[in-house]
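The structure follows.
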Amino acid sequence: MDVRVRFAPSPTGFFHIGSARTALFNWLYARHTGGKFILRIEDTDKERNSEEYLKVIYDSLKWLGMDWDEGPGVGGNYGPYLQSQRGDIYTRYVNKLLSEGKAYEKDGATWLRLEGERYTEYDDYAKAEVEKVKAAPVVIEDIIRGHVERAEDRDFVIVRSNGEPVFHLVNVIDDIEMGITHVIRGEDHLSNTSKHVLIFQALGAPVPQFAHMPLILKDPAVGKGKMSKRDKGALIEEYQTRGFLPEAVRNFLCLLGWSPKDDREKMDIAEVIRMFELTDIMKGSARFDEKKMLHLNSAYLRALPVEEFVAGAKPVLAKAGLDFAIYDEAALADALKLVQEKIFVYDDLPGYAGFFFTENYAIDEKAREKIGKKDDIPGRIAKLIPALEALNDWTDEAIQNCLHKLGESNGEKPYAFFGVLRLAVCGSGGGPELHPILRILGKERVMKRLRAFAS
RNA sequence: GGCCCCAUCGUCUAGGGGACCAGGACGUCGCGUUCUCAUCGCGAAGACUGGGGUUCGAAUCCCCAUGGGGCUGCCA
């Protein structure tokens with residue numbers, strides 16, 4: 001039987017990193033097995049339904065390079081793929097349960113009836129006397145977790161008194177209708193699975209295979225519990241706006257709970273697809289580590305051909321109000337090449353290389369203080385100006401020679417003037433190689449900056 | 001409270017009875033390269049949660065404890 005998996009998010013207006021990973025593992029499994037990856041929107045809760053919100057889901061999946069074989073936008077033979085349009089189907093199934101006596105109505109809602117001896121007990125959590133059922137435990141052979149048993153002990157609502165079917169019901173009905181073979185989802189659903197299995201059985205439908213993946217927890221430094229949408233790094237949107245490469249984010253997500261079992265980390269997605277197995281997924285939950293994410297991203301950034309790096313940099317520079325159009329393509333590539341190997345995300349660009357594009361670069365006061373301690377800043381500037389002014393051949397070598405001579409003529413090291421010069425021209429105490437920076441900026445701008453810095 | 005799941009360096013992980021005084025990566029620290037730095041190179045510190053079993057032998061299997069997580073809604 002062909003594998004059919006689904007990702008079933010509900011439109012909330014944001015896309016959580018945990019959802020992204022759940023989607024990814026479903027997608028990987030479908031691609032690995034040659035099965036189908038289905039996108040289904042769980043928008044039964046009317047509060048959570050708007051075009052805007054749906055777009056967030058589609059855009060995030062596309063950004064991360066996950067394409068769906070059936071679902072909104074692409075169609076398929078098992079639609080509609082929006083739960084809000086499937087009301088008739090649910091009604092049909094509920095009527096079946098009702099007519100077979102497997103469900104009943106009470107307080108205006110529809111309840112699934114559990115099989116077993118009934119008794120009354122005080123429930124500490126509900127703080128009330130409730131009717132319970134000694135039902136046989138539901139057995140789940142989870143692909144990741146193995147044998148799990150859990151007994152439901154109360155009838156539960158499947159249709160609310162306002163007529164809306166609840167999540168557990170629609171989720172199961174859709175999985176039946178769409179022929180889902182493997183339910184791959186977060187461990188937070190593990191306890192719900194007993195309800196789901198009971199519904200599958202009441203409906204006389206085959207139960208799919210389950211694979212409950214570990215959750216992504218907060219960085220312990222940040223707090224306890226699973227990552228919430230308010231935590232740094234929790235939303236895919238954040239990676240988009242900070243200028244992460246989608247391939248890097250996706251790669252990082254692959255490695256959170258799954259491993260190729262060798263020392264590889266930066267992996268081509270085709271290779272991940274080839275190796276991916278549900279049985280290799282970790283049982284223990286993972287913690288989000290932003291530093292590692294940044295590291296991976298920098299590796300991807302470095303591996304980019306310069307033209308692509310430049311193309312990716314442009315919107316970031318533009319957004320920061322930096323005018324890259326003052327350079328032609330070749331010069332722009334020249335400048336950005338210097339920083340490509342140094343930054344972690346595109347977002348670092350304005351702060352690290354902004355001086356290339358504006359005369360309003362900030363002077364790092366800390367660096368000024370540090371340099372000022374051992375260097376006579378105004379004195380060095382006063383010597384730098386005539387020396388560079390006299391330079392007609394504005395090449396890396398010529399600039400370097402000039403600076404070296406200047407240092408040595410002063411009875412110092414060849415690079416004695418570098419720190420002050422960098423501070424004046426770039427505003428910072430560190431950065432890429434100095435000669436190419438000066439060359440790219442051009443003599444005119446360098447001289448202008450030196451004079452401005454002197455006054 | 002009840003039920004369910006989980007447990008190797010700070011973090012992500014390799015390991016699945018002898019190959020492990022536990023390997024890799026991020027981070028940290030040190031050194032080197034460099035005019036500088038946020039890159040790069042080299043090196044170091046750093047873990048089998050605890051206690052009982054089983055076994056000739058346990059990080060690996062079992063039990064208990066502890067710790068973490070989840071569910072317990074007419075949310076999804």
Side-chain angles (χ1 to χ4, degrees), chain A residues 8-12 42-45 47-48 83 106-111 121-127 137 140 142 144-146 148-154 156-168 170-171 186-195 212 214-215 217 219-221 224-226 252 255-266 282-296 298 302 338-344 348 351-352 367 370-371 400 403-404 407 413-423 426 428-435:
Chain A
S10 85
T12 52
E42 306 220 329
D43 55 350
T44 37
D45 186 357
E47 307 285 303
R48 304 186 181 185
Q83 283 184 339
K106 190 182 85 181
D107 304 331
T110 308
W111 302 65
E121 189 180 74
Y122 179 78
D123 186 281
D124 194 53
Y125 192 74
K127 301 282 179 220
I140 304 147
D142 192 279
I144 297 169
R145 263 134 237 291
V148 178
E149 282 188 24
R150 186 170 185 277
E152 287 296 325
D153 64 357
R154 296 175 67 180
F156 56 91
V157 170
I158 52 175
V159 182
R160 298 185 193 105
S161 48
N162 67 3
E164 281 177 40
V166 305
F167 159 73
H168 302 302
V170 296
N171 186 271
E187 196 196 330
D188 48 347
H189 286 292
L190 187 56
S191 298
N192 292 328
T193 307
S194 42
K195 285 193 180 75
H212 285 95
L215 266 22
L217 270 29
D219 184 310
K224 299 177 95 175
K226 60 176 171 179
F252 175 77
L255 262 18
L256 216 53
W258 177 85
S259 128
K261 300 191 179 298
D262 52 32
D263 293 341
R264 280 179 295 175
E265 296 215 311
K266 182 168 179 288
M282 279 261 141
K283 288 180 174 178
S285 34
R287 268 152 231 280
F288 175 76
D289 183 0
E290 192 195 18
K291 289 270 176 57
K292 188 144 188 173
M293 168 82 259
L294 283 167
H295 169 80
L296 239 199
S298 74
R302 255 175 279 143
L338 292 176
V339 297
Q340 180 173 5
E341 304 214 331
K342 301 222 175 198
I343 62 171
F344 289 91
D348 293 339
Y352 197 65
K370 198 177 159 199
I371 293 168
Q400 180 168 359
L403 290 172
H404 283 188
K413 294 264 196 315
Y415 46 80
F417 283 79
F418 279 62
V420 172
L421 180 54
R422 179 188 295 283
L423 181 69
C426 308
S428 66
E433 256 193 294
L434 195 51
H435 320 123

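Every chain is numbered from 1 and lettered A, B, ... according to where its sequence line falls, protein lines coming before strand lines.
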> A:R302 side chain: which of B:C40, B:C74, B:A76 is closest?
Replying inline: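 When the side chain of A:R302 is considered, B:C40 is the closest of B:C40, B:C74, B:A76.
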Interface polar pairs with nucleotides 1-3 of chain B, N/O, under 3.5 angstrom:
from	atom 1	to	atom 2	distance (Å)
B:G1	O4'	A:D124	OD2	3.4

>> Test your reading of the model: is there a side-chain donor-acceptor pair from A:D219 to the backbone of A:D289, 3.5 Å cut-off?
In response: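 Answer holds: no.
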> Is there a side-chain polar atom (N or O) of A:K261 under 4.0 Å from OP1 or OP2 of B:A14?
Replying inline: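 For B:A14, OP1/OP2 do have a side-chain N/O of A:K261 under 4.0 Å.
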>> I need the single residue from A:V159, A:I158, A:V157 that forms a side-chain contact (heavy atoms from CB on, under 4.5 Å) with A:W111. Which is it?
In response: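 Only one of A:V159, A:I158, A:V157 forms a side-chain contact (heavy atoms from CB on, under 4.5 Å) with A:W111, namely A:V157.
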> What is the distance, rounded to the nearest whole Å, between atom CZ of A:F417 and atom P of B:U36?
Replying inline: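 These atoms are roughly 16 Å apart.
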> Taking all non-hydrogen atoms of both residues, which atom of A:D43 and which atom of A:Q83 are closest, and how far apart?
Replying inline: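 Closest approach of A:D43 to A:Q83, heavy atoms only: OD1-N, 3.1 Å.
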>> Please determine whether a side-chain nitrogen or oxygen atom of A:K342 lies at a distance below 4.0 Å from atom OP1 or OP2 of B:C37.
In response: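 False: A:K342 side-chain N/O out of range (4.0 Å or more) of B:C37 OP1/OP2.
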>> Base, sugar-phosphate or nothing for A:G225? Non-hydrogen atoms, less than 4.0 Å.
In response: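 Contact class for A:G225: sugar-phosphate only.
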>> Measure CG/A:L403 against P/B:U36 and give the value in whole Å, please.
In response: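 One finds 14 Å between P of B:U36 and CG of A:L403, rounded.
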>> My understanding is that only residues two or more places apart in sequence, or in another chain, count here; which of them pass side chain to side chain donor-acceptor pair (under 3.5 Å) with A:N192?
In response: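 With neighbours one apart ignored, the set is A:H189.
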>> Would you compute the distance between atom NE2 of A:H295 and atom NZ of A:K266 and round it to the nearest 0.5 angstrom?
In response: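 One finds 10.5 Å between NE2 of A:H295 and NZ of A:K266.
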> Which value, in whole Å, describes the distance between the P atoms of nucleotides B:G10 and B:C5?
Replying inline: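 Per the computed distance, 27 Å lies between those P atoms.
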> Which whole number of Å gives the distance between the C1' atom of B:U34 and that of B:C12?
Replying inline: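 Here B:U34 and B:C12 have their C1' atoms 32 Å from each other.
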> Which value, in whole Å, describes the distance between the C1' atoms of nucleotides B:A59 and B:G51?
Replying inline: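 Taking atom C1' in both B:A59 and B:G51, they lie 16 Å apart.
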>> Measuring only the C1' atom in each nucleotide, how far is B:U11 from B:G16? A whole number of Å is fine.
In response: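 Between the two C1' atoms, the distance is 23 Å.
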>> Rounding to an integer number of Å, can you tell me how far A:Q83 CD sits from B:A76 C1'?
In response: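 Those two atoms, CD and C1', are 9 Å apart.
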> When you compare B:C20 with B:C48, how far apart are their C1' atoms, in angstrom units rounded to a whole number?
Replying inline: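 Here B:C20 and B:C48 have their C1' atoms 10 Å from each other.
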>> By the 4.0 Å heavy-atom rule, please label A:F344 as base, sugar-phosphate, or nothing.
In response: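 A:F344: backbone/sugar contact only, no base atoms under 4.0 Å.
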>> How many whole angstroms separate atom CD of A:E187 from atom P of B:G70?
In response: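 It works out to 9 Å between those atoms.
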>> Distance check, C1' atoms only: B:C64 and B:C74, in whole angstrom units.
In response: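 The answer is 40 Å between these two C1' atoms.
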>> I need the minimum non-hydrogen distance between A:D107 and A:S161, along with the two atoms involved.
In response: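 Heavy atoms only, the tightest pair is O-CB, 3.7 Å.
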> Counting any heavy atom closer than 4.0 Å, what does A:H212 reach on the DNA or RNA strands: base, sugar-phosphate only, or nothing?
Replying inline: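 No contact.
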What protein N or O atoms touch nucleotides 11-13 of chain B N or O atoms at under 3.5 angstrom, if any, and at what distances?
from	atom 1	to	atom 2	distance (Å)
B:C12	OP1	A:R287	N	2.8
B:C12	O2'	A:L255	O	3.1
B:C12	O2	A:K292	NZ	3.3
B:U13	OP1	A:G257	N	2.6

> With both distances under 3.5 angstrom, what nucleotide forms a Watson-Crick or G-U wobble pair with B:G10?
Replying inline: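 Pair assignment: B:G10 / B:C26.
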> What is the nucleic acid contact for A:E341, judged by heavy atoms within less than 4.0 Å: base, sugar-phosphate only, or nothing?
Replying inline: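 The answer is sugar-phosphate, as A:E341 gets under 4.0 Å only of primed atoms, P, OP1 or OP2.
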> Do the side chains of A:L403 and A:Y415 get nearer than 4.5 Å, heavy atoms only?
Replying inline: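 No, their side chains stay 4.5 Å or more apart.
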>> Return the CD to NE2 distance between A:E187 and A:H212, rounded to the nearest 0.5 Å.
In response: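 If we round to the nearest 0.5 Å, A:E187:CD and A:H212:NE2 are 8.5 Å apart.
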>> Could you tell me the Watson-Crick or G-U partner of B:A47, where both distances fall under 3.5 Å? Say none if there is no partner.
In response: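 Base-paired to nothing in any strand shown.
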>> Under a 3.5 Å cut-off for both contacts, is B:A59 paired Watson-Crick or G-U wobble with anything, and if yes, with which nucleotide?
In response: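 Looking at the geometry, B:A59 pairs with no nucleotide.
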Expected rows: protein N/O vs nucleotides 32-35 of chain B N/O, under 3.5 Å:
from	atom 1	to	atom 2	distance (Å)
B:C35	N3	A:R422	NH2	2.6
B:C35	N4	A:R422	NH2	3.4
B:C35	N4	A:L434	N	2.5

> In Å, rounded to the nearest 0.5 Å, how long is the span from NZ of A:K413 to CZ of A:F418?
Replying inline: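 So the NZ of A:K413 and the CZ of A:F418 are separated by 13.5 Å.
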> Contact class for A:K226 vs. all strands (heavy atom < 4.0 Å): base, sugar-phosphate, or nothing?
Replying inline: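 Touches sugar-phosphate only.
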Please write out each protein N/O paired with an N/O of nucleotides 41-50 of chain B under 3.5 Å, distance rounded to 0.1 Å.
none

> Nearest to the side chain of A:L190, which nucleotide is it out of B:A25, B:C4, B:A76?
Replying inline: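 Of all the options, the side chain of A:L190 is nearest to B:C4.
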> What is the pairing partner of B:C71, taking Watson-Crick or G-U wobble pairs with both distances under 3.5 Å in any strand?
Replying inline: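 Matched B:C71 with B:G2 under the 3.5 Å cut-off.
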> So, for A:G407 and A:A416, which heavy atoms are closest and what is the spacing to 0.1 Å?
Replying inline: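 The answer is CA-CB, 4.5 Å.
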>> Tell me which nucleotide, if any, is Watson-Crick or G-U wobble paired with B:G17 when both distances must be under 3.5 Å.
In response: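 Partner of B:G17: none.
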> Among the nucleotides B:A76, B:A7, B:C74, which one has an atom lying closest to any side-chain atom of A:K283?
Replying inline: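 So the side chain of A:K283 is nearest to B:A7.
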>> Testing the basics here: between A:S285 and A:L217, what is the closest heavy-atom pair and its distance to 0.1 Å?
In response: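 For A:S285 and A:L217, the tightest heavy-atom pair comes out as OG-CD2, 3.3 Å.
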> Could you give the distance from CZ (A:R150) to NZ (A:K195), rounded to the nearest 0.5 Å?
Replying inline: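 Nearest 0.5 Å value for the CZ-NZ distance: 6.0 Å.
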> When rounded to the nearest Å, what value does the distance between C1' atoms of B:U8 and B:U13 take?
Replying inline: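 To the nearest whole Å, 9 Å.
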> Expressed in angstrom and rounded to an integer, what is the separation of A:E290 atom CD from B:U28 atom P?
Replying inline: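 So the two atoms are 13 Å apart, to the nearest Å.
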> How many Å lie between CZ on A:R154 and C1' on B:G73, as a whole number?
Replying inline: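 It works out to 10 Å between those atoms.
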> Measuring from A:H168:NE2 to A:N171:CG, what's the distance to the nearest 0.5 Å?
Replying inline: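 Between atom NE2 of A:H168 and atom CG of A:N171 there are 9.0 Å.
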>> Walk me through whether A:F417 and A:H404 qualify under ring pair (Phe, Tyr, Trp, His ring centres under 6.0 Å).
In response: CA-CA 8 Å; A:F417 283 79; A:H404 283 188; over 10 Å; no
> Please give, in whole Å, the distance from B:A76 P to A:F156 CZ?
Replying inline: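 It works out to 13 Å between those atoms.
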> If you round to the nearest 0.5 Å, how far is OG1 of A:T12 from CD of A:E42?
Replying inline: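 If we round to the nearest 0.5 Å, A:E42:CD and A:T12:OG1 are 12.0 Å apart.
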>> Could you tell me how far B:U60 sits from B:G18 if I compare only their P atoms? Round to whole Å.
In response: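 Nearest-Å result for B:G18 against B:U60 at atom P: 11 Å.
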> CG of A:L338 versus C1' of B:C40: gap in Å, rounded?
Replying inline: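 Nearest whole value for this atom pair: 15 Å.
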>> Reading RNA chain B from 5' onward, which residue's closest nucleotide shows up sooner: A:G351 or A:F167?
In response: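 On the 5' side of the pair lies A:G351.
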> Does a side-chain heavy-atom distance below 4.5 Å link A:D142 with A:T193?
Replying inline: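 A:D142 does not reach A:T193 side chain to side chain.
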> According to the Watson-Crick and G-U wobble definitions, with both distances under 3.5 Å, which nucleotide is paired to B:C40?
Replying inline: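 B:C40 is paired, partner B:G32.
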>> Need one value for A:N192: base, sugar-phosphate or nothing, where a base atom within 4.0 Å counts as base even if backbone is also close, heavy atoms only.
In response: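 Answer is base: heavy atoms of A:N192 come under 4.0 Å of a base.
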> Residues two or more places apart in sequence or in another chain: which of them pass side chain to side chain donor-acceptor pair (under 3.5 Å) with A:K292?
Replying inline: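 Expected list: A:E265.
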